[in-house]
Structures are given as structure tokens and as C-alpha cells.
Colleague: 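Let me give you the structure first, and then I'll get to my questions.
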Amino acid sequence: MTPPPAVSVAELMQPASSPADSQANRDLLSVMDNPGIGYWALLGLCVLVVHVAGAVWVYQVYEGLGVAGYAHPIFWGVYIVTFVFWVGIAHAGTLISAILYLFRSKWRNAINRSAEAMTVFAVLTAAQFLGIHVGRIWKSYFILPYPNQRGLWVNFKSPLVWDTFAISTYATTSILFLYVGLIPDLAIARDRTKGWRKILYTALALGWQGTSRQWKAHNRTVLHLSGLATPLVLSVHSVVSWDFAMSIVPGWHATIFAPYFVAGAIFSGFAMVLTVMIPVRRIFGLERYITDYHFDNMAKFILLTSLIVGYSYGTEYFIAWYSGVEPEKTSFWYRAFGPYWISAWIMIICNAFVPQILWFKKARLHLPTLFTVSVLVNVGMWFERYVIIITGLSREFDPAAWNVYTPEAPELAILAGSFAFFGMFFLIFLKLFPVVAVAEVKEIVIHEKEHKGEFWEHAHGYGETH
Amino acid sequence: MPTLVGVFAQPKDLGDVAEKLRTRGFTDLEIYSPVPSDELDVALDPGPSKVRYFTLIGGLVGAVTGYAMAVLMSEDWPLIVGGKPISSYAPYTVISFELTILFGVLMTVLGVFLVGGLPYGKFGKTDVAYDPRFSAEDFGLVVRCKERDVAEIDALLRAARAMEVSLVEA
């Protein structure tokens with residue numbers, strides 16, 4: 001072939017073609033557009049409640065922890081209950097992102113981003129409670145091993161120190177996992193926005209262009225982060241459970257605690273993903289991407305983990321009876337028929353019985369039912385932690401010191417504040433970042449195109465073929 | 001240096017023509033892809049990604065750091081309980097495990113930056129061959145070549161079902 005003269009090279013130059021776009025980009029980025037009055041009202045409500053809770057917390061710092069309902073020997077109350085609750089919620093994100101990634105479950109693509117974001121916000125919410133719980137917030141950094149003039153170090157045999165390491169590792173990992181996954185989507189947003197958004201996404205996308213070098217490193221990183229996050233997610237709630245199980249308090253001192261807590265965490269986490277994503281899908285019209293198939297799969301997960309949790313409840317009672325240890329037997333009798341019987345039965349009914357309705361496909365696909373179940377599971381899981389912590393402590397060792405604890409208004413205000421705190425971050429995230437992983441959804445779209453199938457025609461079952 | 005960009009709808013077509021170009025000695029290639037793709041990952045750079053070494057080193061350093069920190073700090077301030085040994089490996093394994101993960105994750109993220117060349121380019125500037133359609137659904141193959149090879153590459157790209165071929169730099 002003869003080389004062309006320089007003139008014809010110049011003729012070959014064409015003006016840049018008009019940017020083509022894909023429907024997935026348009027649909028998924030449009031979630032970030034035009035927040036309506038409802039959005040602002042909800043965000044405003046969340047911010048307001050966070051501020052009220054903040055004011056209550058300042059009052060508590062000023063007055064001391066006496067404003068909480070603590071009654072000797074019960075010094076772990078709603079704050080620790082809520083801490084464990086939010087750590088549990090944080091587990092679904094990593095499960096969906098990391099474990100389902102390793103299992104190559106393609107259906108996770110549509111929900112992993114929102115679940116990862118929920119993980120980050122739930123961990124941040126949970127972390128607040130460590131500071132709130134210790135009361136003297138200005139001393140909370142004592143839990144970290146840092147060089148100091150007293151030559152003191154932390155006690156590495158204490159589960160509370162393990163917890164610090166586990167939670168901070170989990171927070172770091174989940175933030176980085178979320179961010180690394182976001183980079184390609186930030187580039188998509190960068191190419192399609194103007195003004196301050198463009199500046200923000202340009203900065204955060206780090207010059208991502210989807211070159212093969214970038215993708216190769218990115219793919220490998222997501223795989224490795226999944227590989228690291230999978231044992232981490234199992235360890236975090238195990239460590240949280242050891243905060244209790246390493247003691248000798250009747251009702252806490254059980255080897256079943258670690259798997260029981262992990263299953264409960266996944267259970268509550270999936271329920272929270274459903275509680276949030278059912279309205280989000282409806283409000284933003286994402287039915288094409290987050291299909292009934294996804295909700296069906298999540299409902300199956302909830303059913304499975306509900307069975308594990310229900311089985312654990314049974315095992316706890318069986319072992320209490322079978323051990324023949326009097327304090328254990330008394331403790332579990334007291335749990336179901338003592339002053340906290342309402343909490344105990346809420347926990348058993350919401351967690352072990354209500355989800356059984358999900359055996360029926362009709363229930364799994366009926367969104368109002370699914371939504372109700374998911375809310376009840378969240379309620380039940382909060383009460384599970386309440387029952388474990390409070391009934392354990394209120395009949396601790398010395399009968400002369402037994403007591404009954406009732407949460408006080410400041411604790412309930414801060415509990416409400418935690419939901420608002422979580423909601424506030426999630427609402428901001430919805431409008432600032434793509435809530436569905438665009439690049440990963442497009443992977444399926446392009447794959448379908450390649451195999452002649454038209455994605456949009458059978459979008460409702462796209463997960464099923466993979 | 002003349003730079004040609006071929007736009008493809010299918011990653012497979014792009015992978016094939018990239019292979020063909022490489023065997024013909026045109027090695028200054030770049031691929032833009034909207035989605036991760038196993039075949040494009042190895043099209044220009046066969047072999048496993050180097051991110052793995054970052055993870056490995058991070059994990060090992062974390063494991064050692066976890067034990068070392070717990071042992072050295074407890075020996076420095078002995079808390080003797082019931083006359084038992086000061087350092088106890090079972091609980092310190094928890095610390096070591098968490099730091100294995102933490103350091104592994106931090107090094108892996110450092111790995112994606114260094115191996116993937118991020119952050120890339122000047123702020124707000126993308127490559128001249130880059131186009132927003134490569135963050136939509138199209139795949140781009142960039143070939144930098146000598147002026148006399150332009151026509152040949154142009155023909156090769158078109159023969160490989162490129163939807164369009166343009167010369168972005170003469």
C-alpha cells in the first residue's frame with residue numbers, strides 16, 4: 001500500500017462527532033436531577049431531627065450520662081443497642097458488593113451501589129454511638145493505642161479494643177470500596193454535566209477515561225477488595241458479638257454468638273436495603289434496572305437468614321435448658337416472661353415468624369407486603385439487640401443489684417436522630433452520585449447486545465440468564 | 001504523530017483488530033472502554049495485573065504489624081492478670097487479622113492508583129482522542145502511527161467493522 005501524501009492525511013481529519021449517549025447513562029444519571037419539593041422536605045426533616053438530637057446530645061454531655069435511663073447494673077442501654085443495630089445494617093452492602101461479586105452473581109449490579117452507600121452511612125452512624133455512649137466524649141480517643149506521656153497502652157485482650165480496630169477497618173474499607181467503584185461512574189457524570197457538578201466529578205474521577213490500563217487495574221482491585229472485605233464483614237460482627245460473648249454474663253456467654261450475630265446482621269442489612277430501595281425505585285422510576293427479580297432474590301436472602309436467626313433463638317433456649325446451668329435457665333426464662341417480655345416477643349415474632357410469609361412467591365413479588373416485612377424485620381432486629389443487652393445486664397450477677405432499665409427521652413431522641421443522620425446522608429448521596437452502578441449495569445446491556453438479545457425487551461429477567 | 005481513532009460497538013471486534021495491529025508492528029495503541037471487559041484487559045497488556053503485589057505486601061505487613069504492635073505495647077506496660085503470660089496470641093490474632101485487612105485494602109487502593117496511572121492527566125483535560133461516547137456504549141481504539149501508515153490502519157479498522165474512523169491528530 002502506497003503511503004498517502006500529506007494533503008490527504010489532513011483531509012482525513014474530521015470534526016469531532018457529536019457525543020453519543022446511552023439510555024442507561026441518561027436514565028441512571030437523571031436520578032440526580034431536579035430535586036423536587038418532597039425531596040427537600042424530607043431532607044429538611046432529617047437535618048432538623050439531626051440537629052434536635054445533636055442538641056440533646058450536648059445537653060447530655062453537659063449534664064452527664066445520668067440523663068439516660070441507666071440504673072445500676074445496667075450501663076449499656078439504647079446507645080449500645082443502636083450501635084449494634086447500625087453495625088448490623090452495614091453488613092448488607094459488603095455482602096452484596098463483595099460476596100456476591102466473588103460468586104459472580106450478576107444481579108447484584110443494580111443494587112450494589114446503594115447497598116455500599118448504605119454500608120458507609122450505617123458505619124458512620126454506628127461510630128457516633130461509641131462517642132455518645134462513653135459520655136465523656138473528650139476522652140474517647142483513649143481507646144486508641146497512641147504514645148503518651150504516661151507510658152500507657154490499651155489492653156489488647158479487651159474485646160472493646162478489638163471492636164475499635166474492627167469498626168475503623170470496616171469504615172475505611174467500605175469508604176474506599178464505595179469510592180473505587182464510583183470512579184468510572186464519576187467519569188460518566190463528568191462527561192455529561194456542567195457547572196459545579198462538572199468540577200466536582202472531574203476532581204473525583206481522577207482523569208478516568210476507561211483505558212485498558214485503568215480498567216485492568218480497576219478490575220483486579222475490585223476483586224481484591226472483595227476478597228479482603230468478605231472475611232472482614234464476617235469478622236466485624238463476630239467481634240461486635242464478642243463484646244458480649246467474652247464476658248461471663250448469663251445470656252451473653254455463648255459460643256453461638258458470632259455466627260448468630262453475623263446472620264442477624266445480614267438479615268437486618270437486607271431488610272434495610274429493601275426498606276430504602278422499594279421507595280427509591282418507585283420515586284425515581286428505576287423499574288427497568290432494579291427489577292422484581294432483584295427484590296425476589298433479596299427476599300430469599302431475608303428468608304434464609306430469618307431461618308438461621310430463628311434457629312439461633314431456638315438453640316439459645318435449648319442450650320440454656322440442656323446445660324443445666326441455673327443462671328442460664330433463669331436468664332432465658334426471665335427474657336421471655338420477665339419485665340421485658342414484650343421486647344422478647346416482638347423480636348421472636350418479627351424475626352422468626354413474619355418473614356416466613358416470604359416462602360410464597362406472591363408475597364415476595366408484592367411490594368407492599370415485602371416493604372412491611374422489611375420494616376418489621378428492622379424493628380425486630382433492633383429489639384433483638386435490646387433484649388440481649390438489657391435482659392442480660394438487668395439480671396447480671398448479684399441479686400441484690402438487679403434492676404430494671406427503661407430508656408429515657410434523651411436516649412430515644414438520639415435514637416431517632418440516628419435514623420435521620422443515616423437518611424440525611426443517603427438523601428444527599430442520591431442527588432450527588434449515581435445510586436445505581438452505571439458502568440456495571442451497562443456491562444450487562446452491552447453483553448446482551450453482543451448476544452443479539454435486545455436488553456430493553458426483556459429487561460425484567462436479565463439477571464436470570466446469568 | 002498522526003493519531004487514528006476507530007469507534008466500535010463490540011469489544012470483540014476491537015480486541016481482534018488490536019491483536020492484528022500488534023502483530024503488524026503497530027504497538028502504540030490505546031483502548032477506551034465504557035465497561036470492564038476481560039478480553040480488552042489483556043489485549044494490550046497480556047499477563048496478570050500487578051495490583052496483586054500491592055495487596056500481598058499490604059496484607060503481610062499488616063499481619064506482622066498487628067502482632068508486633070500488640071506484643072510490644074503490652075510488654076511495654078505489663079498488665080499481669082492471674083500470673084498469666086503478658087502476651088497472648090489468641091486475642092492478638094484479632095488485632096493482626098484486622099490490620100491485615102486494613103493494610104491490604106490501603107495498599108490495594110494505592111495499587112489501583114499506581115498501576116492504573118491515576119490520577120491521570122491535567123485537571124479537567126482528557127486525551128485528544130477521548131470522546132464522551134466512550135463513557136456511553138462505544139469502544140475506542142486509538143492508534144498512533146507514522147504518517148505513511150495512516151491509510152493502511154484506516155482500512156484495517158474499517159475492515160474490522162469500525163463504525164467510524166477519524167484522524168484526531170495529524
Side-chain angles (χ1 to χ4, degrees), chain A residues 1 3-4 6 9-10 12-14 16-17 19-22 25 145 151-157 161-162 165-166 169 172-173 176 180 183 187-188 191-192 202-203 206-221 224-225 228 231-232 235 239 439 442-443 445-446 449-450, chain B residues 2 10 30-36 40-41 43-45 49 51-52 55 69-70 73-74 76-77 79 88 91-92 94-95 97-98 101-102 104-105 108-109 111-112 115-121 123-124 126-127 130-138 147-148 150-152 154 164 166-167 170:
Chain A
M1 199 176 278
V9 171
L12 274 171
M13 284 193 72
Q14 293 161 7
S17 53
D21 207 353
S22 85
N25 284 354
L152 273 170
W153 298 105
V154 295
N155 178 8
F156 287 99
K157 290 166 199 157
V161 171
W162 305 346
F165 277 82
T169 300
T172 312
T173 303
L176 289 174
V180 168
I183 292 174
I188 294 173
D191 291 346
R192 283 163 186 81
T202 306
L206 303 175
W208 178 272
Q209 299 183 130
T211 64
S212 52
R213 180 188 177 195
Q214 290 170 344
W215 272 123
K216 187 171 184 170
H218 190 266
N219 283 349
R220 186 40 76 162
T221 301
H224 284 200
L225 289 181
L228 289 166
L232 176 65
S235 88
V239 168
K442 265 194 308 201
E443 199 182 338
V445 177
I446 288 171
K449 237 172 34 177
E450 209 172 352
Chain B
Q10 304 290 350
E30 182 65 278
I31 292 173
Y32 296 123
S33 164
V35 296
L40 298 184
D41 274 2
L44 303 186
D45 171 25
S49 168
V51 172
R52 61 186 60 213
T55 313
M69 183 175 73
M73 288 179 181
S74 17
D76 189 43
W77 181 267
L79 280 170
S88 169
Y92 294 178
V94 178
I95 305 288
F97 175 84
E98 299 299 342
I101 304 284
L102 181 64
V105 165
T108 308
V109 173
V112 73
V115 177
L118 295 170
Y120 177 86
F123 187 85
T126 45
D127 286 347
Y130 181 79
D131 192 282
R133 61 160 67 182
F134 301 137
S135 61
E137 280 180 23
D138 295 339
E147 209 164 277
R148 62 187 160 86
V150 166
E152 181 188 355
D154 184 84
E164 97 180 44
S166 49
L167 190 66

Colleague: Give the minimum heavy-atom separation between A:Trp215 and B:Ser33, together with the two atoms involved.
Modeller: NE1-O, 2.7 Å

Colleague: To the nearest 0.5 Å, what is the distance between CZ on A:Phe165 and CD on B:Glu98?
Modeller: 9.0 Å

Colleague: Mind listing the closest non-hydrogen atom pair of B:Met73 and A:Pro145 along with its distance?
Modeller: SD-CB, 3.7 Å

Colleague: Using 0.5 Å steps for rounding, measure from the CD atom of A:Gln209 to the CD1 atom of B:Ile31.
Modeller: 13.5 Å

Colleague: Identify the two heavy atoms, one from A:Trp162 and one from B:Pro91, that lie closest to each other, and give their separation to 0.1 Å.
Modeller: CZ2-CB, 3.3 Å

Colleague: At what distance, to the nearest 0.5 angstrom, does CZ of B:Phe134 lie from CG of A:Asp191?
Modeller: 11.0 Å

Colleague: Measuring only between side-chain heavy atoms, which start at C-beta, is A:Pro231 closer than 4.5 Å to B:Phe97?
Modeller: yes

Colleague: Run the ring-ring contact (aromatic ring centres under 6.0 Å, His included) test against A:His224 and tell me which residues pass, sequence neighbours left out.
Modeller: none

Colleague: Once rounded to the nearest 0.5 Å, what's the spacing between atom CH2 of B:Trp77 and atom CH2 of A:Trp153?
Modeller: 11.5 Å

Colleague: For side chain to side chain contact (heavy atoms under 4.5 Å, CB included), just list the numbers for A:Leu228 and B:Thr55, CA-CA rounded to whole Å, side-chain angles, deciding distance to a tenth of an Å, and then say yes or no.
Modeller: CA-CA 9 Å; A:Leu228 289 166; B:Thr55 313; 3.9 Å; yes

Colleague: Does any heavy atom of chain B fall under 4.5 Å from the side chain of A:Val154, the backbone, both, or neither of them?
Modeller: neither

Colleague: Say you draw a straight line from OG1 of B:Thr108 to CG of A:Leu176; how long is it, rounded to the nearest 0.5 Å?
Modeller: 9.5 Å

Colleague: List for me each residue that meets side chain to side chain contact (heavy atoms under 4.5 Å, CB included) alongside A:Asn25, sequence neighbours excluded, and say none if there are none.
Modeller: A:Asp21, A:Ser22, A:Ile188, A:Arg192, A:Val438, A:Lys442, B:Ala136

Colleague: Considering all heavy atoms of both residues, which atom of B:Ser49 and which atom of A:Ala217 are nearest to each other, and what is their separation?
Modeller: OG-CA, 4.1 Å

Colleague: Looking at A:Ala439, A:Ala187, A:Ala166, which one has more heavy-atom pairs under 4.5 Å with chain B than the rest?
Modeller: A:Ala166

Colleague: I'd like to know which of B:Gly104, B:Pro34, B:Gly121, B:Ser88 tops the heavy-atom pair count under 4.5 Å against chain A.
Modeller: B:Pro34

Colleague: Of all of B:Ile95, B:Ile101, B:Val115, which one pairs up most often with chain A through heavy atoms under 4.5 Å apart?
Modeller: B:Ile101

Colleague: Taking B:Leu79, B:Val109, B:Asp76, B:Val112 one by one, which has the highest count of heavy-atom pairs under 4.5 Å against chain A?
Modeller: B:Val112

